[in-house]
Amino acid sequence: MPLLKYEQIADSLRSRISDGEFGPGDLLPSSRDLCEQWEVSRATAIKAMEVLRADGLAVPHQGRGFTVTQTPVARPAGARGAGTSRAQGGPFRRLGRPEMLVPPSRIADALGLAAGRRALQRARLVLTEEGRPHSYVVAWFPPEVADACPRLHQDGPIAEGTTHYVRRTTGRLPVRGTDTTSVRLAAPTEAELLQVKRPCAVAVVLHTACDAAGEPLVCEEGVTAEGLWERTDNYLMNEGG
């Protein structure tokens, strides 16, 4: 399905931010400039900028327009429904360097990989607003996605986010997500990163995103210490029951 005009504008700006044309704090093109460049209405230009704000890439300023956010944000694993946004995440630190490794069996099964096949690992530590550790997240990309997306192998965050980058590079976008949540005790490395004392319970969310053909694009495992993980579901109930 072709992108709508405002989505095309947002994707173009994401690419320019990711390429370094606009850095943290830089002023993005005004709605008037976007209207002239793309031959669209002001409402369409504003909608494109609101998409970037929802993605945590742009911040509005009264009388100035939008600037590139100073601090990149990321989300804990899971809860990636159509109505969620990256802005609902928090600041983060990239951990180590991306590396092609043989994933644990649970990850290999989620990605549909044969035993011994490698996947690209990227790890991050999502922080609270106070700068304390919130979630330790390890993302695994299947080899065909890793081969097609060279920036996934680079150090540091991808400004537009890995989901948008993979979609823009491969044309594949996530249409179905599966989240499996379990509870266990923190492993030594996890406890050290989350700055908690063992024994400590952690919530583990295994999130797998698949494209329209049902092929996995990424599998993330997020570990959150007790006291910081919370899930709230709002749903209708049968009033006539």
Side-chain angles (χ1 to χ4, degrees), residues 17-18 23-25 54-57 59 68-80 84-104 106-107 110-111 118-142 145-146 149 151-166 174 177 179-209 217-231:
I17 292 170
S18 185
D55 284 343
L57 273 177
V59 179
V68 179
T69 185
Q70 293 279 3
T71 306
V73 296
R75 292 179 288 183
R80 302 297 177 86
T84 63
S85 73
R86 196 156 59 112
Q88 295 169 339
F92 70 100
R93 286 194 289 113
R94 183 65 57 194
L95 299 175
R97 304 189 63 181
E99 190 175 1
M100 295 294 295
L101 300 171
V102 176
R106 62 187 178 280
I107 305 295
L111 292 177
R118 296 188 301 169
L120 178 65
Q121 181 204 70
R122 287 173 62 91
R124 65 182 183 270
L125 188 65
V126 182
L127 307 173
T128 66
E129 292 182 359
E130 295 77 26
R132 299 280 297 174
H134 181 279
S135 296
Y136 169 49
V137 184
V138 180
W140 296 87
F141 296 87
V145 173
C149 302
R151 284 189 180 170
L152 292 178
H153 298 263
Q154 298 176 4
D155 294 345
I158 296 175
E160 63 187 297
T162 56
T163 300
H164 287 298
Y165 170 61
V166 169
D179 294 348
T180 301
T181 303
S182 58
V183 178
R184 59 170 170 77
L185 294 178
T189 300
E190 295 166 346
E192 181 180 356
L193 287 169
L194 295 173
Q195 297 180 11
V196 295
K197 293 182 179 181
R198 301 178 67 217
C200 174
V202 291
V204 182
V205 178
L206 188 68
H207 164 76
T208 306
L217 295 170
V218 65
C219 181
E220 290 187 342
E221 186 172 59
V223 179
T224 307
E226 59 182 0
L228 291 177
W229 189 87
E230 182 178 80
R231 173 175 172 175

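By convention here, the first residue in the shown sequence is residue 1.
H207 contributes atom NE2, which lies 11.5 Å from atom OG1 of T181 (distance to the nearest 0.5 angstrom). Interatomic distance, H164 NE2 to I17 CD1, rounded to the nearest 0.5 Å: 11.0 Å.
Under the 4.5 Å side-chain criterion, counting only non-hydrogen atoms from C-beta, T163 is in contact with P174. A heavy-atom distance below 4.5 Å is not found between the side chains of W229 and V202. Residues I107 and L206 form a side-chain contact, since some pair of their non-hydrogen atoms from C-beta on lies under 4.5 Å apart. Side chains of P103 and Q121 form no contact here, defined as non-hydrogen atoms less than 4.5 Å apart. Annotation: side chain of R94 is not in contact with side chain of D155 (no heavy-atom distance under 4.5 Å). In this structure the side chain of V102 reaches within 4.5 angstrom of the side chain of R118, judged on heavy atoms. Proximity of L194 to T224: side-chain heavy atoms (C-beta onward) are nowhere separated by under 4.5 Å.
When all heavy atoms of A146 and M100 are compared, the closest pair comes out as CB-SD, 4.2 Å. The heavy-atom pair separating A187 from R198 by the smallest distance is C-NE, 4.1 Å. When every heavy atom of W140 is checked against every heavy atom of L101, the shortest pair comes out as CZ3-O, 3.8 Å. The two residues H134 and L228 have their closest heavy-atom pair at NE2-O, 3.5 Å. Minimum heavy-atom separation, F141 to A139: CE1-CB, 4.0 Å. When all heavy atoms of E190 and V223 are compared, the closest pair comes out as OE2-CG2, 3.7 Å.
Within a 6.0 Å radius of CZ in R93, no more than 12 heavy atoms belonging to other residues, nucleotides or ligands are found.
Formation of a donor-acceptor pair under 3.5 Å by the S135 side chain with backbone atoms of V137 is not found in this model.
Of the candidates I158, L95, V138, V218, R122 forms a side chain to side chain contact (heavy atoms under 4.5 Å, CB included) with just one, namely I158.
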